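Computed from a predicted structure; not experimentally measured.
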Amino acid sequence: MKNFFKLFALMLTAFLICGCLAEEKVVTADMRGGKIKEPVSSKGREADSEVDDALKVETPARDSIDEILNSMTLEEKIGQMILVGFYGTELNDEIRTALNNFKFGGVILFDRNMESVAQTKKLVDDIQAVANQKVPLFVALDEEGGRVARGKNFLEPAPSQEEIGYGQPADATHWAKYNVKLLRSVGVNINFAPVADVGSRDTRSFGNDAQLVAEFVDAAAQGYESENFLYTLKHFPGIGKSKVDPHQEVSNVEVGRAVLDAEDLPPFTKIIRGHDNSRFMVMIGHLIYDALDPYTSASLSPIIMTDLLRNELGFTGVVITDDLEMGAIKNNVDLATLGVKMILAGGDIALICHNYDSQQIVYDSILAAVKRGEISESRIDESVRRILQLKAHL
């Protein structure tokens, strides 16, 4: 087991090389007449299943994860708990310095980083190589479909979740598999999708009915898992009732707990209780929920992240915040305290999508909090162990 990740790296490299040879042509969606492409035939599903079985990676035993964890310095552990964005379409001094100095555990790509399949794949390969970490980086993308998709000029996006929701749950499985092909072609290994919110007003939700959304999110999850690909449920506990764009300012959800239970939580609950929690993240939004914690944004609330998500719903996997540079959170909480509050509330990864200075401030504040005893190293270990368990599925 000591050599698990060395063997894993060799297998992953071989798989990516084969994948690149097979994916020379850009995958495109069949949207003739605006109609969603029919799901693959049963014969195709059987063939896919055989490939899936061959690609499955067994999660390493706890002692193997602990061995890797115990080999990490405190600084390396804290780095795993931060996922960052950067600027540029090629490896540059900013991202090189960030990865070398802080050992960040992952990156997120935006259109500002992507010009073509070949360029994006090279960028990702270069970043993974310069990181030179004990485990691979997360490389994330917001590939929901519709208007929320990256690299649209060379990666044909899936339909929006709203459009998929007019069909059958099998369509969500089909398009999840389609997204996997897109993402793997450019080296991305985790999708910040599907959206599990109910009734968002911008085509990002499968629908307005909680049970229908739960069925479609469940089908999408099955699609990602059948391809052994990591995914993310967002934005817990549901932002469908938001009145303000959280990129700009915080919004309060003023309904009672019974309404949240009936109209917002079912999609999250269904996946958390019905799927292996080590195969996906849950992303926490920045709204304030009066019925749960009327004083604190969800992404900083122990009532929401620990009491509700972990203790009540039983989620044992990785919790990641939405971008901490969104106006909803940055305009109301001191940046130097955000990472510390997130960890104390029960979160595992702070997402910081834009500024190097912000990323450094959050990293330094977490490190300082551990050194002064505000956060115990055992608490850091809890999060990093969950992150390593998720990365073992890559």
Q) Ser226 and Lys177: which non-hydrogen atoms are nearest, and at how many Å? A) OG-CE, 3.0 Å

Q: Taking Asp293 for its side chain and Ser301 for its backbone only, find out whether a donor-acceptor pair lies under 3.5 Å.
A: no

Q) Any donor and acceptor pair, going by atom type alone, linking the side chain of Thr321 with main-chain N or O of Asp323 inside 3.5 Å? A) no

**Q.** Nearest non-hydrogen partners of Ala176 and Ala220, listed with the distance
**A.** CB-O, 3.4 Å

Q. Just checking, any donor-acceptor pair under 3.5 angstrom between side chains of Asp218 and His275?
A. yes

Q: With the side chain counted from C-beta on, respond yes when Asn189 and Leu183 share a heavy-atom pair under 4.5 Å apart, and no when they do not.
A: no

(Q) With clusters defined by side-chain heavy atoms of hydrophobic residues (ILVMFWY) lying less than 4.5 Å apart, directly or transitively, does Ile304 cluster with Val259? (A) yes

Q.
Do Gln211 and Pro266 make a side-chain contact, defined as non-hydrogen atoms from C-beta onward lying under 4.5 Å apart?
A. yes

Q.
Please confirm whether the ring centroid of Phe216 lies under 6.0 Å from the ring centroid of Tyr166.
A. no

Q | Side-chain donor or acceptor of Asp264 paired with backbone N/O of Ile239 under 3.5 Å | A | no

**Q.** Atom pair CG (Asp276) and CG (Leu390), whose distance is rounded to the nearest 0.5 Å
**A.** 9.5 Å

Q | Nearest heavy atoms of Gly151 and Asp111, plus distance in Å | A | N-OD1, 2.7 Å

Q. Tell me, do Phe229 and Asn179 make a side-chain contact under 4.5 Å, heavy atoms counted?
A. no

Q | CD1-CG distance between Ile352 and Leu338, expressed to the nearest 0.5 angstrom | A | 8.0 Å

Q: Without swapping roles, check the side chain of Lys103 against the backbone of Asn132 for a donor-acceptor pair under 3.5 Å.
A: no

Q | Nearest atoms (heavy-atom pairs only) where Ser185 meets Leu155 | A | OG-CD2, 4.0 Å

Q) Under 4.5 Å between side-chain heavy atoms, hopping through other hydrophobics if needed: is there a path connecting Val84 to Ile361? A) yes

Q.
Taking Val135 as the starting point, is it possible to reach Leu74 by hopping between hydrophobic residues whose side chains are less than 4.5 Å apart?
A. yes

(Q) Looking at Asp357, is its backbone amide N or carbonyl O close enough to the side chain of Asn355 to form a donor-acceptor pair, meaning the two atoms are under 3.5 Å apart? (A) no

Q: Taking side chain to side chain contact (heavy atoms under 4.5 Å, CB included) as the test, write out the residues that go with Glu144, two or more places apart.
A: Val148, Ala193, Val195, Arg204, Lys234

Q: Determine, step by step, whether Glu75 and Tyr363 satisfy the side chain to side chain contact (heavy atoms under 4.5 Å, CB included) criterion, reporting the C-alpha distance in whole Å, the side-chain angles of both residues, the deciding distance to 0.1 Å, and the verdict.
A: CA-CA 9 Å; Glu75 289 77 10; Tyr363 175 92; 3.2 Å; yes

Q: Examine distances only and state if a side-chain atom of Asn113 and a backbone atom of Thr89 form a donor-acceptor pair shorter than 3.5 Å.
A: no

Q. In terms of the angle between their ring planes, are Tyr231 and Tyr224 parallel, tilted or perpendicular, with boundaries placed at 30° and 60°?
A. parallel

Q: Show your reasoning for whether side chain to side chain contact (heavy atoms under 4.5 Å, CB included) applies to Leu324 and Met342.
A: CA-CA 10 Å; Leu324 291 183; Met342 179 275 293; 5.5 Å; no

Q) Among Lys121, Glu115, Lys122, whose side chain to side chain contact (heavy atoms under 4.5 Å, CB included) with Gln119 holds? A) Glu115

Q: Indicate whether the side chain of Ser297 and that of His286 have a donor and an acceptor atom separated by less than 3.5 Å.
A: no

Q.
When you group the ILVMFWY residues by side-chain heavy-atom contacts below 4.5 Å and let the links chain together, are Ile303 and Leu308 in the same group?
A. no

Q) So how far is it from Asp307 CG to Leu292 CG, rounded to the nearest 0.5 Å? A) 10.0 Å

Q) Is there side-chain contact between Ile78 and Phe102, with heavy atoms separated by less than 4.5 Å? A) no

(Q) Can a donor-acceptor pair be found, under 3.5 Å and without considering hydrogens, that links the side chain of Thr306 to the backbone of Ala345? (A) yes

Q: Take Leu99 and Leu137 through the side chain to side chain contact (heavy atoms under 4.5 Å, CB included) test and state the conclusion after the steps.
A: CA-CA 10 Å; Leu99 293 173; Leu137 296 172; 4.3 Å; yes

Q. Does Thr203 use its side chain to pair, donor to acceptor, with the backbone of Glu162 at less than 3.5 Å?
A. no

Q.
Nearest 0.5 Å, please: how far is CD1 in Ile343 from CG in Leu300?
A. 11.5 Å

Q.
Strictly distance-based, threshold 3.5 Å: is any side-chain N or O of Asp322 a donor or acceptor partner for the main-chain N or O of Ile284?
A. no

Q) Going by distance alone, is a donor N or O of one side chain under 3.5 Å from an acceptor N or O of the other, for Gln133 and Gln80? A) yes

Q: Indicate yes or no: at least one non-hydrogen side-chain atom of Leu287 is less than 4.5 angstrom from one of Lys241.
A: no

Q.
With rounding to the nearest 0.5 angstrom, report the CG to CE distance, Asp348 to Met281.
A. 9.0 Å

Q.
side chain to side chain contact (heavy atoms under 4.5 Å, CB included), that's the test. Do Asp126 and Leu123 meet it? Break it down for me.
A. CA-CA 5 Å; Asp126 289 345; Leu123 172 63; 5.6 Å; no

Q. Under 4.5 Å between any side-chain heavy atoms of Val186 and Leu182, yes or no?
A. no

Q. Is the shortest distance from a Lys or Arg side-chain nitrogen in Glu215 or Lys270 to a carboxylate oxygen in the other one below 4.0 Å?
A. yes

(Q) Under 4.0 Å between a side-chain nitrogen and a carboxylate oxygen: does that hold for Glu382 and Arg310? (A) no

Q: Hey, could you give me the CZ/CG distance between Arg150 and Asp142, rounded to the nearest 0.5 Å?
A: 4.5 Å

**Q.** Shortest non-hydrogen contact between Ala149 and Glu143, atoms and distance
**A.** CB-OE2, 3.3 Å

Q.
Is it the case that the side chain of Ser383 and the backbone of Ile380 share a donor-acceptor pair, with hydrogens and angles ignored and the cut-off at 3.5 Å?
A. no

**Q.** Over all atoms of both residues, closest heavy-atom pair of Phe268 and Gly238
**A.** CE1-N, 3.8 Å

**Q.** Side chains of Phe236 and Val319 in contact at under 4.5 Å (non-hydrogen atoms)
**A.** no

Q | Lys/Arg N to Asp/Glu carboxylate O, Glu227 vs Lys181, below 4.0 Å | A | no

Q.
Quick check: do Val217 and Leu233 have side-chain heavy atoms less than 4.5 Å from each other?
A. yes

Q. In terms of ring plane angle, is the pair Tyr87 and His354 parallel, tilted or perpendicular, where the classes change at 30° and 60°?
A. tilted

Q. What do you reckon, is NZ of Lys341 surrounded by more than 12 foreign heavy atoms closer than 6.0 Å?
A. no

